[in-house]
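Here is the naming used below: chain letters follow the sequence lines, and residue numbers restart at 1 for every chain.
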Amino acid sequence: DTGVSQDPRHKITKRGQNVTFRCDPISEHNRLYWYRQTLGQGPEFLTYFQNEAQLEKSRLLSDRFSAERPKGSFSTLEIQRTEQGDSAMYLCAADYGYTFGSGTRLTVV
Amino acid sequence: AQKITQTQPGMFVQEKEAVTLDCTYDTSDPSYGLFWYKQPSSGEMIFLIYQGSYDQQNATEGRYSLNFQKARKSANLVISASQLGDSAMYFCAMRADNTDKLIFGTGTRLQVFP
């Protein structure tokens, strides 16, 4: 059981639909990170939060992607108008990267 | 630019033997940290071991040790007494102290056979 909970574990969606993922650190962590991992690759940084402030966004995070952490606890990652290229594992991490969640595997059909 | 290179796509090792997974890195920052993670087929990234660039001794955590050679910019993971449950993907990652993101390598798939 990791210290970070992610929901859902799997999501299959049709191209063009919007999806939202949730990340919930079990204990309080100031820092929260989102990474994306495509098949056969290592995770790539997307964005991170210090409490509720989003401090850095990767160029990978197109305008269709938005992330929030409204109360400095859980975070959501939304993808609008999904494309097949968005199919990946989306990983959330806390505690400066020592603790990762189990990820949300997104498949866009 | 920072980069992590893992040149072994796959490795095989017999149970109870030791195995070394290679990792080289590139950075111009004097202060950085190196991480190793295990990723089973279920997908979660499990933190294994950390080495800071100024640490004088190589990091060890149970059966895991990190062979840190700063001049060669390598940070190889050594797993002693391999177990069947060690079969997984292994990722090396780096974080420079002036950034907050981890840079990952492409991983090595380790298979432990009886």
Under 3.5 Å: donor-acceptor pair, side chain of A:Arg105, backbone of B:Gly43: no

Under a 3.5 Å distance rule, please check whether A:Tyr35 uses its side chain to pair with a backbone N or O of B:Leu102 as donor and acceptor. yes

Roughly how far, to the nearest 0.5 Å, is [atom2] of [Y] from [atom1] of [X]?
X        : Y       : atom1 : atom2 : value
A:Leu91  : B:Tyr37 : CG    : OH    : 10.5 Å
B:Ile103 : A:Phe45 : CD1   : CZ    : 9.0 Å
B:Lys101 : A:Glu44 : NZ    : CD    : 12.0 Å

What is the minimum heavy-atom distance between A:Ser102 and B:Glu44, and which atoms define it? CA-CB, 3.6 Å

Given a strict heavy-atom distance threshold of 4.5 Å, which part of [X] is in contact with chain B: side chain, backbone, both, or neither?
X       : result
A:Glu56 : side chain
A:Gln6  : neither
A:Tyr33 : side chain

If you count heavy atoms of other groups shown closer than 6.0 angstrom to [atom1] of [X], is the number above 12?
X        : atom1 : answer
A:Ile12  : CD1   : no
A:Glu78  : CD    : yes
B:Arg109 : CZ    : no
A:Tyr98  : OH    : yes
A:Leu39  : CG    : no

Counting heavy-atom pairs under 4.5 Å with chain B, the top scorer among A:Arg9, A:Gln37, A:Gln41 is A:Gln37

Check for me, please, whether [X] and [Y] land in the same ILVMFWY cluster - side-chain distances under 4.5 Å, paths through other members count.
X        : Y        : answer
A:Leu61  : B:Phe104 : no
B:Met89  : A:Tyr90  : no
B:Val112 : B:Ile79  : yes

Given a strict heavy-atom distance threshold of 4.5 Å, which part of B:Gln39 is in contact with chain A: side chain, backbone, both, or neither? side chain

